Peer 1: 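Quick one: this structure, given as structure tokens, is what I'll be asking you about.
The chains referred to below are lettered A, B, ... by the order of the sequence lines, with proteins before strands, and numbering in each begins at 1. Since this is a predicted model, take the numbers as computed values, not measurements.
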Amino acid sequence: MPHIAEAAAAVGLLACAVATPVAAQIADWIPESRTGGKLILTGGVSTLEGSGGGGLATWAVTSGYGERDGIGGNVHATYVNLPDYELRSWGASTSFWDRVEVSVARQEFDTGETGAALGLGAGFTFTQDIVGVKVKLIGDAVYDQDTWMPQVAVGVQHKANDQGAIIAAVGGRDDEGTEYYVAATKLFLAESLLVSGAVRFTDANQTGLLGFGGDLNDDLEPQFEGSVGYLLNRNLAIGAEYRTKPDNLGFAGEDDWFDVFAAWAPNRHFSVTAAYVDLGSIATFEDQRGLYLSLQVGF
Amino acid sequence: MRALLIAAVFIAAPAPLLAQEAEDDLSLPPIVMSTEFPGEVEVEPYQRSNANAGATPFEGTEMWETFGGAEGVSAIVETFVERIVADPRIAEIFMAQDQVRLRRTLKEQFGYILGGPVAYSGRDMRSSHADLGIQSADMGALVENLQIAMSEHGVPFRAQNRLLAKLAPMRRDVVTR
């Protein structure tokens, strides 16, 4: 544990050292590009898919700390340790004027020893690249405290998986897919409570890690993802998330995802999110529950 | 602060005489000190009303007591103003303001909103911030300094958020660019 703390501190220091000059340079190129206007944690953290949100659920907030007069951006690295698999994600996200968010992420779904049991070979890994754009439409999740109107955003994520042959062999219809979502996020500040919900139109199997569409269904379907977060202080939030998913593949049932999380941001340049995730059954291996750990650095 | 303002009055007074030879436009209006509030600069007359505070007060005195009453609110505002005039992100906005008046009206505003036996005598949020050119990021910095000030004076985080929820919608009037 001491090593992790040291490493985290080192990453934090590095982030501060790198982020400040980078931000200063960007400010020269882009008009209205002040940094750091939002309150700590109100940009959310990086989801597994790279956009701003919780860990599993996308929110309507733009990632990073840029306000309407500024820009924000960050990079993330996320590690999920499951009984029979390992999931890694890293990526970057930039937001302009608290209006438009552009994100990229790469996911690696590592089957490890389980790969041999599945007949794929030990260490077989599905790699998926995701490009996302999110646009805030109306509302302000933090400041509009005198109305019930949440912050609402729409977004699109295009995902490309590199294992088309395997996906086809298990009944998947495509190794690429495009998802559309609408998200609504509201901070009930007087209650120190954040509530967010999104509807995603998707045909992704295990969010695309096992391709798109299948022998049971090949259409985009609305699925729900939501988060509830409670602010303990300016730097620490705890909460839970739920995400429903399609069930397109005949060879293996797919479960909804669930997690409980804690997100800690000592400053605007560094955050750590730790969660206990329950990803259910994945490719016939049941009860995939484990630790989710995500580091994010940015401005 | 008062000495500075009085000095400013004396400096400003002969300015029109000197300016006559050049252009009359360049002369500043003389600074007139308030007779009602010693140490403050007189402001343009306006309609006084608690509605100018920009938020409905909490019911009961629970919040007022949680914030430590008049003494607590005063200490929080003193720390808050000290912080914002020293915060490089926003100091320029407030350095030229009448800080004596700012402190008094903030204490009144917070006291009134918190349910204290206080009336708000200041201007409304739109007119009091009209010329400050505050951006969204400045509002964030203001909130952050207020959070730190409230924490320093022992206001529980949840109670802080209850007050901030009352203040947050003021951003529409405070942020002008």
Side-chain angles (χ1 to χ4, degrees), chain A residues 20 23 27 31-43 61-62 64-72 95-99 136 138-149 151 186-194 229-238 265-268 299, chain B residues 51 53-60 62-63 66-67 83 87-90 92-93 113-115 125 129 132-152 154-177:
Chain A
T20 310
E32 294 292 308
S33 56
R34 293 179 68 175
T35 58
K38 284 188 207 164
L39 299 171
I40 285 184
L41 281 175
T42 59
V61 300
T62 59
Y65 286 107
E67 256 294 352
R68 294 182 303 203
D69 46 35
I71 56 168
S95 298
F96 302 89
W97 314 293
D98 193 23
R99 177 63 69 184
K136 172 175 133 179
I138 48 165
D140 188 287
V142 178
Y143 284 96
D144 287 351
Q145 290 297 320
D146 53 351
T147 151
W148 280 84
M149 174 61 76
Q151 179 165 328
K186 181 87 187 168
L187 176 62
F188 295 95
L189 189 53
E191 282 76 40
S192 303
L193 201 66
L194 182 136
Y230 182 72
L231 307 173
L232 288 172
N233 59 47
R234 282 201 313 133
N235 308 103
L236 184 63
I238 55 170
N267 56 48
R268 288 196 182 79
F299 60 93
Chain B
T56 54
F58 288 101
E59 284 174 27
E62 184 200 337
M63 283 293 281
T66 303
F67 273 69
R83 289 192 62 93
D87 185 335
R89 295 173 294 181
I90 49 175
E92 286 174 1
I93 297 168
I113 294 172
L114 289 167
M125 293 303 101
H129 295 86
L132 299 186
I134 293 177
Q135 289 188 302
S136 295
D138 301 321
M139 180 81 183
L142 280 170
V143 174
E144 189 177 281
N145 281 302
L146 179 55
Q147 288 178 312
I148 294 168
M150 290 188 291
S151 292
E152 260 183 41
V155 179
F157 183 67
R158 286 208 61 173
Q160 293 181 20
N161 286 345
R162 289 185 69 194
L163 175 61
L164 290 175
K166 295 272 193 188
L167 305 180
M170 297 176 189
R171 181 167 88 155
R172 290 181 211 120
D173 292 330
V174 168
V175 173
T176 54
R177 68 189 179 111

Peer 1: Can we say A/Asp140 and A/Arg68 salt-bridge, meaning some charged N sits less than 4.0 Å from an Asp/Glu carboxylate O?
Peer 2: no
Peer 1: Under 3.5 Å, side chain of A/Arg34 to main-chain N/O of A/Gly70, donor-acceptor pair present?
Peer 2: no
Peer 1: Are the side chains of A/Phe299 and A/Ile71 in touch, meaning some heavy atoms are under 4.5 Å apart?
Peer 2: yes
Peer 1: Is it the backbone or the side chain of A/Thr42 that comes under 4.5 Å from a heavy atom of chain B, or both, or neither?
Peer 2: neither
Peer 1: Less than 4.5 Å apart, any side-chain heavy atom of B/Leu164 and any of B/Met150?
Peer 2: yes
Peer 1: At a 4.5 Å cut-off on heavy atoms, which part of A/Leu231 comes close to chain B: side chain, backbone, both, or neither?
Peer 2: both
Peer 1: Measure B/Leu167 against the heavy atoms of chain A and call it side chain, backbone, both or neither at under 4.5 Å.
Peer 2: neither
Peer 1: For side-chain contact (heavy atoms from CB on, under 4.5 Å), just list the numbers for A/Arg268 and A/Thr35, CA-CA rounded to whole Å, side-chain angles, deciding distance to a tenth of an Å, and then say yes or no.
Peer 2: CA-CA 10 Å; A/Arg268 288 196 182 79; A/Thr35 58; over 6 Å; no
Peer 1: For chain B, find which of A/Leu39, A/Val142, A/Asp69 contributes the most heavy-atom pairs closer than 4.5 angstrom.
Peer 2: A/Asp69
Peer 1: Top residue by heavy-atom pair count (under 4.5 Å) with chain B, among A/Arg234, A/Glu32, A/Glu191?
Peer 2: A/Arg234
Peer 1: For B/Arg158, is it the side chain, the backbone, both, or neither that has a heavy atom closer than 4.5 Å to a heavy atom of chain A?
Peer 2: both
Peer 1: Let me know if B/Arg172 has heavy atoms under 4.5 Å from chain A in its side chain, its backbone, both or neither.
Peer 2: side chain
Peer 1: Taking atom CD of B/Glu152 as the centre, does the number of heavy atoms from other residues, nucleotides or ligands within less than 6.0 Å exceed 12?
Peer 2: yes
Peer 1: Given a strict heavy-atom distance threshold of 4.5 Å, which part of B/Met139 is in contact with chain A: side chain, backbone, both, or neither?
Peer 2: both
